[in-house]
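As the structure is a prediction and not an experimental result, all values here were calculated from the model. Proteins come first, then strands; the chains are lettered A, B, ... in the order of their sequence lines, and each starts at number 1. Any value given below was found using the heavy atoms of this structure, including those in side chains, with hydrogens, waters and symmetry copies removed.
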There are 2 protein chains.
Amino acid sequence: MAHPIPRNTRQKAAIRGVFEAHDRPLSPQEVLEFAQARVARLGIATVYRNLKSLVQEEWLTPVAMPGGAVLYEMAGKNHHHHFQCDRCHRVYEVKGCVPAVNRLGGSGFKVQRHEVILYGICAACRGRRRN
Amino acid sequence: MAHPIPRNTRQKAAIRGVFEAHDRPLSPQEVLEFAQARVARLGIATVYRNLKSLVQEEWLTPVAMPGGAVLYEMAGKNHHHHFQCDRCHRVYEVKGCVPAVNRLGGSGFKVQRHEVILYGICAACRGRRRN
DNA sequence: CGGCTCTTGAGATCGTTGTATCATTCTTAC
DNA sequence: GTAAGAATGATACAACGATCTCAAGAGCCG
């Protein structure tokens, strides 16, 4: 009720496995598709339920993208940012930062954190013709 | 039909006036509220219609924020970024940039543009107690 | 194994945002 | 001023993502 005793289900293990196999932020739909290769009849509701509980356990972190998509990535990573491919729309992690960005706010704003999103063409799409 | 002859309506003028009076990106709801001070019975559908046409005329530019909100600001500004206040959630323009951000992608990504969003507390909210 | 109860799967439902409809009002040209 | 038709306002509707319901299935403990 208030504190149900959690169980280890194949579904949740499959979802964790998907994040371990793909080192980039994933959408709920992507998680569903990848995890269905491991648990055939997996449903979208189960994906949402487990994403939520994995966030509560701090095993995942939500990544809100401009446009409204909310992706998830494994928690506990060092400070980093993201790159989104204009062609395939996949999002990748970009290591490093330019600390000077926090000074962009000048004196009028008390800046506490920041997001940087790069856009362009990813290596995979550059290699191919299209998509 | 294909090219209706546009007319200058009080509503559209009011909406333009709202953006000229507030030098920051505004949500459709904010536009509605501010513009209703000028045209009392203004409806939300008219706001959406005029936002769309002002974007087509390139008088406005959409600003997609993480979380899904799409705001609008006057077009033609110099390269800049945005600050969102964690308290009042208003978004402000931040002039300047750190060009080095485009190099964060390394050699794996062909970076064509970027977004920087700063978060913290705005001057107005710092002056007040709350909200 | 047996059973308690947590979790799942399928679909219905919700909430939000933006669009379509259509009678009415307003702008513009003459 | 008048008429043609573009724009408005009120509301219904659509689209989408996410959540809820509940019977059925499965994990865990003894």
| note | A:His3 atom NE2 is separated from C:dT5 atom P, nearest whole Å, by 17 Å
| query | So, does A:His114 use its side chain to make a donor-acceptor pair with the main chain of B:Leu118 at under 3.5 Å? | reply | no
| message | So, does A:Gln11 get its side chain near the phosphate of C:dG9, meaning an N or O under 4.0 Å from OP1 or OP2? | response | yes
| message | Between P on C:dT17 and CD on B:Glu30, what's the gap in Å once rounded to a whole number? | response | 12 Å
| message | Reading DNA chain C from 5' onward, which residue's closest nucleotide shows up sooner: B:Ala45 or B:Pro6? | response | B:Ala45
| field | Toward the 5' end of DNA chain D, by each residue's nearest nucleotide, A:Pro28 or B:Arg7 | value | B:Arg7
| request: Indicate, with a heavy-atom threshold strictly under 4.0 Å, whether B:Arg10 touches base, sugar-phosphate, or nothing. | output: sugar-phosphate
| query | Given atom OH of A:Tyr48 and atom C1' of D:dT21, what is their separation to the nearest angstrom? | reply | 18 Å
| query | Among the nucleotides D:dC20, D:dG17, D:dT8, which one has an atom lying closest to any side-chain atom of B:Thr9? | reply | D:dT8
| query | When you look at B:Val111 and B:Arg103, which way does the side-chain contact (heavy atoms from CB on, under 4.5 Å) test go after all the steps? | reply | CA-CA 8 Å; B:Val111 177; B:Arg103 257 164 272 149; over 6 Å; no
| Nearest-angstrom distance from the residue atom CD1 of A:Ile44 to P of C:dT13 | 19 Å
| Ignoring hydrogens and geometry, is there a side-chain-to-backbone donor-acceptor pair from B:Glu33 to B:Glu30 under 3.5 Å? | no
| A:Leu32 CG - C:dA10 C1' separation (whole Å) | 13 Å
| field | d(CD, B:Gln36; P, D:dT8) in whole Å | value | 14 Å
| field | Touch class at under 4.0 angstrom, heavy-atom based, for B:Leu42 against every strand present | value | sugar-phosphate
| task | Would you please confirm or rule out a distance under 4.0 Å between OP1 or OP2 of D:dG27 and any side-chain N or O of A:Lys12? | result | no
| Do A:Arg41 side-chain and C:dT8 base share a donor-acceptor contact under 3.5 Å? | no
| request: Mind telling me whether A:Phe19 and A:Trp59 have parallel, tilted or perpendicular rings, with 30° and 60° as the class edges? | output: perpendicular
| said: Closest approach to the side chain of A:Pro4, judged atom by atom: which nucleotide of C:dC26, C:dC6, C:dA10 is it? | reply: C:dC6
| field | Interatomic distance where CG belongs to B:Leu51 and P belongs to D:dT8 [whole Å] | value | 11 Å
| task | Measure from the side-chain heavy atoms of B:Asn8 and tell me the nearest of C:dT28, D:dC28, C:dG9. | result | C:dT28
| query | Does B:Gln84 reach the main-chain N or O of B:His89 with its side chain, forming a donor-acceptor pair under 3.5 Å? | reply | yes
| remark: note: A:Asn50, atom CG; C:dG9, atom P; distance rounded to Å ~ 9 Å
| message | Given the structure, check if the side chain of B:Arg49 and the base of C:dG18 hold any donor-acceptor pair shorter than 3.5 Å. | response | no
